[in-house]
Undergrad: 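Take this structure first; my questions come after.
Since we're looking at a predicted model, the values are computed, not measured. A note on names: the letters A, B, ... follow the listed sequences, proteins ahead of strands, and every chain is numbered from 1.
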Amino acid sequence: MASTIRVRATSSGETTEVQALIQHPMDSGFIKDSKGELIPPHFIQQLTFEYNGKPVFVADWGGGVSKDPYVKFAFKGGKKGDELKVSWVDNKGATDTTTAKIQ
Amino acid sequence: MRITTLTSIAALLLGATSALAAGEDDYKAAVAAAEAANKQAASLRNQWTTTASTLAAAKKFADGGDFDKATASAKEAEALAKASIFQATSEKERWRDLEIR
Amino acid sequence: MKLRSATQFTAAAFALAVLAFAAPPAVSADKVDPVADEKAFKKFFYDKFPKLKPEDFVNGPYSMDADLYKQWQDKEQFPPYEFSLELGKEMFSKPFKNGKTYGDCFPNQGIGIRQDYPTFDEKEGKVITLELALNRCREANGEPAFSYVRDEMAALTAYMAFTSRGKPFNIKVPNDPRALAAYENGKEYFYTRRGQLNFSCATCHVQSPGERVRTEVLAPALGIVNAMPIYRSEWNGMGTTSRRFTTCNSQIRGVPLTPQDDEYRNVEYYLSYVSNGLPISGPGARP
Amino acid sequence: MTRTDNGFSATRRLILQGAGAVALVGLGNLPFAPAFAAANDKYPEEAFKQKTEADAIKSLYGKTAEASDKVKMDAPEIAENGAVVPVSVSTTLADVTSISFLVAENPVALVASYKIPAGTMPNVANRIKMAKTSNVIVVVEAGGKLYSATKEVKVTVGGCGG
């Protein structure tokens with residue numbers, strides 16, 4: 001099973017730019033299905049990026065983040081070849097983790 | 001063809017009043033006519049979604065025993081089907097009017 | 001009830017409108033001339049949008065509106081079709097139960113060939129689209145066909161389009177009466193008004209590209225198939241060419257044909273042919 | 001109002017006001033446990049339940065924000081589709097610790113809240129849903145104070161509708 005997380009981390013020497021796309025329905029709990037029934041909320045609540053064992057970015061999300069969510073940020077440091085650990089947990093307790101090499 | 005379409009359209013514009021006190025037989029005849037017209041539309045590859053939904057509404061009225069409304073809906077469905085037939089037939093030539101050339 | 005009387009009115013008004021116009025004679029059918037059609041088709045769009053370069057047309061509404069273009073650029077940084085593309089790549093390389101692969105069904109193992117489809121099969125005398133060829137490949141290898149409108153087909157065609165990005169459409173209409181008839185039938189389908197709303201494909205995609213219908217900026221017909229399949233935000237997911245055709249039909253209150261019926265294959269043939277020379281840009285992202 | 005939740009959110013506010021407070025509260029229960037990491041670990045459940053942006057900001061930060069032209073938001077005039085609206089923010093403010101995105105007219109105003117540890121740039125881009133035309137508000141916490149930028153984004157196809 002392929003990871004739900006896609007990460008692109010590129011170092012410019014001084015900073016590392018990180019983009020991530022995650023496969024997740026991000027159901028807000030306010031949308032009705034074709035039968036007119038509310039689809040229960042199902043969304044990622046927290047997404048964490050760690051470099052060298054320290055978080056460099058933490059996202060707290062609600063159901064208002066788009067399906068297959070995307071985020072971009074940058075941090076100082078980060079060397080080519082180093083690993084960035086990315087993990088998320090959703091409101092149902094499901095999780096996924098991946099590591100990406102900084103390019 | 002054009003004359004029949006016009007007639008049914010005229011009936012439509014007058015609304016359901018012509019279908020006063022319709023019975024089950026009237027309804028069945030109206031549905032049969034609508035279905036036949038819709039079948040012809042299908043053979044011309046040009047059915048309208050509203051024909052089907054109006055027919056479905058007619059059947060629902062009939063199931064509830066309201067044959068006035070059921071008959072009126074069936075006649076409306078027939079008019080829609082006939083309009084779609086007319087559209088398909090006239091477009092056989094008219095489509096070229098839009099063509100980029 | 002309110003809705004239904006509106007329907008009645010529309011139907012009646014429509015029929016009367018058509019009657020009023022029924023008199024003028026239609027232009028007589030000329031001989032089928034795809035080369036002249038392609039030239040006229042491109043000229044129409046190039047004249048209508050003089051600021052656009054030919055290759056801009058394959059990006060649809062994004063080339064017509066600066067605000068949309070910016071949003072698209074933002075999205076393309078990590079495009080929403082990414083997951084479909086990866087799934088397609090995985091599916092494409094995974095052998096069937098008999099050990100063969102999709103690649104075995106296509107020239108060049110299926111890589112970089114999207115621009116050659118649809119193609120005219122002289123043996124069968126019919127147009128073969130990429131979606132149809134993929135399902136035939138599956139069936140020839142003992143696998144059940146995929147739905148033409150669902151995610152698996154979108155993923156496979158996304159991958160095949162991706163490996164062909166930038167390659168110009170290279171559709172051939174051989175000098176075979178059956179091929180010319182299929183092409184002409186596709187053209188007729190494109191321009192024929194249908195559905196209760198009395199729209200043809202051309203109503204939106206020739207007469208009004210760049211304008212908004214309700215909320216959407218309409219894509220120009222030129223280059224529209226180059227971007228297939230597409231991730232549509234409106235669909236919250238991927239859609240194949242088949243999905244695009246069938247939903248276009250139902251949006252104008254016409255009952256869609258069955259995906260890959262002759263008319264759909266032919267209209268894709270026509271639209272692809274008149275976009276010859278413009279690059280494949282699929283998979284695309286659209287509002 | 002008698003539920004212990006209140007105590008927790010009060011605690012959370014304290015934590016979020018500065019990394020220094022965290023050690024005192026003693027939430028350092030993670031293996032790597034740098035002070036701010038513990039704070040980062042808390043998901044602001046209550047803030048994501050608030051209907052209005054003011055209540056969400058209060059729940060999240062325990063204070064109010066003032067508009068600042070140092071907070072630059074990039075968002076479309078008209079969203080191509082309310083389901084996917086790209087919005088990004090950058091700021092020249094120093095000591096940024098948190099950036100949050102809110103949509104006033106959404107059923108839940110708070111969309112996303114990002115914690116920015118020292119060394120991470122105060123620039124974030126993401127894609128959000130909008131139910132209808134609304135003000136989008138970005139709040140930046142810098143040096144313990146809140147600054148905001150607001151922009152109206154028109155939505156013609158809602159991301160929360162049918």
Side-chain angles (χ1 to χ4, degrees), chain A residues 12 14-22 24-39 41 43-78 85 87-91 93, chain D residues 16 30-34 36-45 47-50 56 60 81-90 98-103 106-131 136 158-162:
Chain A
S12 67
E14 272 173 36
T15 61
T16 299
E17 187 187 83
V18 183
Q19 287 176 288
L21 189 75
I22 298 160
H24 199 284
M26 297 302 283
D27 291 318
S28 65
F30 296 101
I31 295 182
K32 288 178 178 157
D33 63 16
S34 51
K35 287 180 206 137
E37 284 167 31
L38 280 179
I39 301 166
F43 54 85
I44 292 174
Q45 290 190 319
Q46 201 163 56
L47 167 73
T48 310
F49 297 79
E50 285 171 42
Y51 174 69
N52 273 344
K54 273 194 238 167
V56 287
F57 193 70
V58 179
D60 288 331
W61 281 346
V65 172
S66 298
K67 183 195 168 198
D68 294 344
Y70 164 84
V71 71
K72 176 165 101 169
F73 70 96
F75 64 96
K76 286 183 190 136
K85 184 181 165 198
S87 52
W88 59 257
V89 56
D90 72 17
N91 66 322
Chain D
L16 287 164
L30 288 175
F32 45 87
F36 56 80
N40 287 341
D41 194 49
K42 286 300 258 183
Y43 178 72
E45 192 105 37
F48 280 107
K49 288 180 183 163
Q50 304 305 316
L60 198 58
N81 190 308
V84 189
V85 186
V87 182
S88 62
V89 64
S90 61
S98 163
I99 295 176
S100 297
F101 293 78
L102 302 100
V103 177
N106 272 8
V108 166
L110 182 60
V111 172
S113 182
Y114 300 95
K115 285 148 196 165
I116 312 291
T120 294
M121 325 291 274
N123 310 329
V124 179
N126 61 181
R127 299 172 189 158
I128 66 176
K129 288 183 228 172
M130 294 182 65
V136 175
C160 297

Undergrad: Quick check: closest heavy atoms across D/Pro117 and A/Pro55, and the distance to 0.1 Å?
TA: CG-O, 3.4 Å
Undergrad: D/Tyr43 and A/Gly62: which non-hydrogen atoms are nearest, and at how many Å?
TA: OH-CA, 4.0 Å
Undergrad: After noting the C-alpha distance and the side-chain angles of D/Val84 and A/Tyr70, does the key distance pass the side-chain contact (heavy atoms from CB on, under 4.5 Å) rule?
TA: CA-CA 10 Å; D/Val84 189; A/Tyr70 164 84; over 6 Å; no
Undergrad: A/Gln19, A/Lys72, A/Gln45, A/Lys76: which one forms the most heavy-atom pairs within less than 4.5 Å of chain D?
TA: A/Gln45
Undergrad: Name the region of A/Leu21, side chain, backbone, both or neither, that has any atom closer than 4.5 Å to a heavy atom of chain D.
TA: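 When you check distances to chain D, only side chain atoms of A/Leu21 fall under 4.5 Å.
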Undergrad: Report which part of D/Val124 has an atom under 4.5 Å of a heavy atom belonging to chain A: side chain, backbone, both, or neither.
TA: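 Its backbone and side chain both get close to chain A.
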Undergrad: Considering only heavy atoms from C-beta outward, does the side chain of A/Asp60 approach that of D/Phe48 to under 4.5 Å?
TA: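 Yes, close enough: below the 4.5 Å cut-off.
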Undergrad: Indicate yes or no for a side-chain donor-acceptor contact from D/Thr120 to the backbone of A/Phe75 under 3.5 Å, with no hydrogens or angles considered.
TA: no
Undergrad: Does the side chain of A/Phe57 come within less than 4.5 Å of D/Ile116's, by heavy atoms?
TA: yes
Undergrad: If we ignore hydrogens and angles and just use 3.5 Å, is the side chain of D/Lys129 paired with the main-chain N or O of A/Met26 as donor and acceptor?
TA: yes
Undergrad: Do you know which of A/Thr16, A/Val56, A/Thr15 makes side chain to side chain contact (heavy atoms under 4.5 Å, CB included) with D/Met121?
TA: A/Thr15
Undergrad: Any heavy-atom pair between the side chains of D/Tyr114 and A/Val71 that's under 4.5 Å?
TA: yes
Undergrad: Can you confirm whether A/Glu17 sits close enough to D/Asn123 that some side-chain heavy atom of one is under 4.5 Å from a side-chain heavy atom of the other?
TA: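 The answer is no, as the side chains (C-beta and beyond) never meet within the 4.5 Å cut-off.
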